[in-house]
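Report on one structure; see the data block that follows.
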Amino acid sequence: MGMKPEEIESLIIEAFPDAEMKLVDLAGDNNHYELSLKSNAFAGKSRVAQHQMVYAALKGNMGGVLHALALNTSPL
């Protein structure tokens, strides 16, 4: 099943309009990605909180439609 990169990018930009991101499909299967994401929204937040914000932005797709997402987050 999986998610197309454009779908993920759209959800991320919707949640983090100032985002600087790099999304890589690790297996070419639309199901295993690596996301490097910078946003001012992450300022002052722990790494766990930052990742929770990304999962929330994906609107329930993480762990279901989207199987694996390696995250690297940081403030701008």
Side-chain angles (χ1 to χ4, degrees):
M1 193 183 228
M3 286 183 77
K4 294 182 180 182
E6 300 81 19
E7 294 175 280
I8 296 169
E9 290 169 351
S10 176
L11 291 171
I12 295 297
I13 292 297
E14 181 181 324
F16 307 100
D18 68 339
E20 290 181 11
M21 80 174 108
K22 179 180 179 186
L23 182 65
V24 178
D25 186 344
L26 297 174
D29 62 359
N30 290 333
N31 215 7
H32 297 82
Y33 289 95
E34 179 178 38
L35 176 64
S36 296
L37 179 62
K38 293 181 181 181
S39 172
N40 286 321
F42 298 144
K45 305 273 193 300
S46 70
R47 183 82 50 182
V48 170
Q50 293 173 22
H51 289 198
Q52 290 171 333
M53 292 168 70
V54 174
Y55 295 147
L58 294 172
K59 300 184 178 179
N61 288 299
M62 189 65 229
V65 176
L66 181 57
H67 175 70
L69 180 65
L71 283 174
N72 179 14
T73 56
S74 63
L76 273 173

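Starting from 1, each residue takes its place in the sequence as its number. Fair warning: this is a prediction, and the values are worked out from it, not measured in the lab.
- Residues in residues 61-71 take part in no salt bridge (charged side-chain N to carboxylate O under 4.0 Å, His left out) pair, two or more places apart or across chains.
- Not counting sequence neighbours, the partners of His51 by the side chain to side chain donor-acceptor pair (under 3.5 Å) test are Thr73.
- Residues satisfying the salt bridge (charged side-chain N to carboxylate O under 4.0 Å, His left out) criterion with Lys59, sequence neighbours excluded, are Glu14.
- Listed by chain and number, the residues in a side chain to side chain donor-acceptor pair (under 3.5 Å) with Asn30 are Tyr33 (sequence neighbours excluded).
- Residues passing the side chain to side chain contact (heavy atoms under 4.5 Å, CB included) test with Ala57, sequence neighbours excluded: Ile12, Ala15, Phe16.
- Considering only residues two or more places apart in sequence or on other chains, Asn31 meets the side chain to side chain donor-acceptor pair (under 3.5 Å) condition with none of them.
- Asn40 pairs by the side chain to side chain donor-acceptor pair (under 3.5 Å) definition with Asp18, not counting sequence neighbours.
- Screening residues 38-49 for salt bridge (charged side-chain N to carboxylate O under 4.0 Å, His left out) gives no qualifying pairs among residues at least two apart or on separate chains.
- Listed by first and then second residue, the salt bridge (charged side-chain N to carboxylate O under 4.0 Å, His left out) pairs that reach into residues 65-76 come to none, sequence neighbours excluded.
- The side chain to side chain contact (heavy atoms under 4.5 Å, CB included) search around Ser36 returns Lys22, Asn72, not counting sequence neighbours.
- Applying the salt bridge (charged side-chain N to carboxylate O under 4.0 Å, His left out) definition to pairs two or more places apart or across chains, none involves residues 67-76.
- Annotation: side chain to side chain contact (heavy atoms under 4.5 Å, CB included) contacts of Ala27 (sequence neighbours excluded): Asp29, His32.
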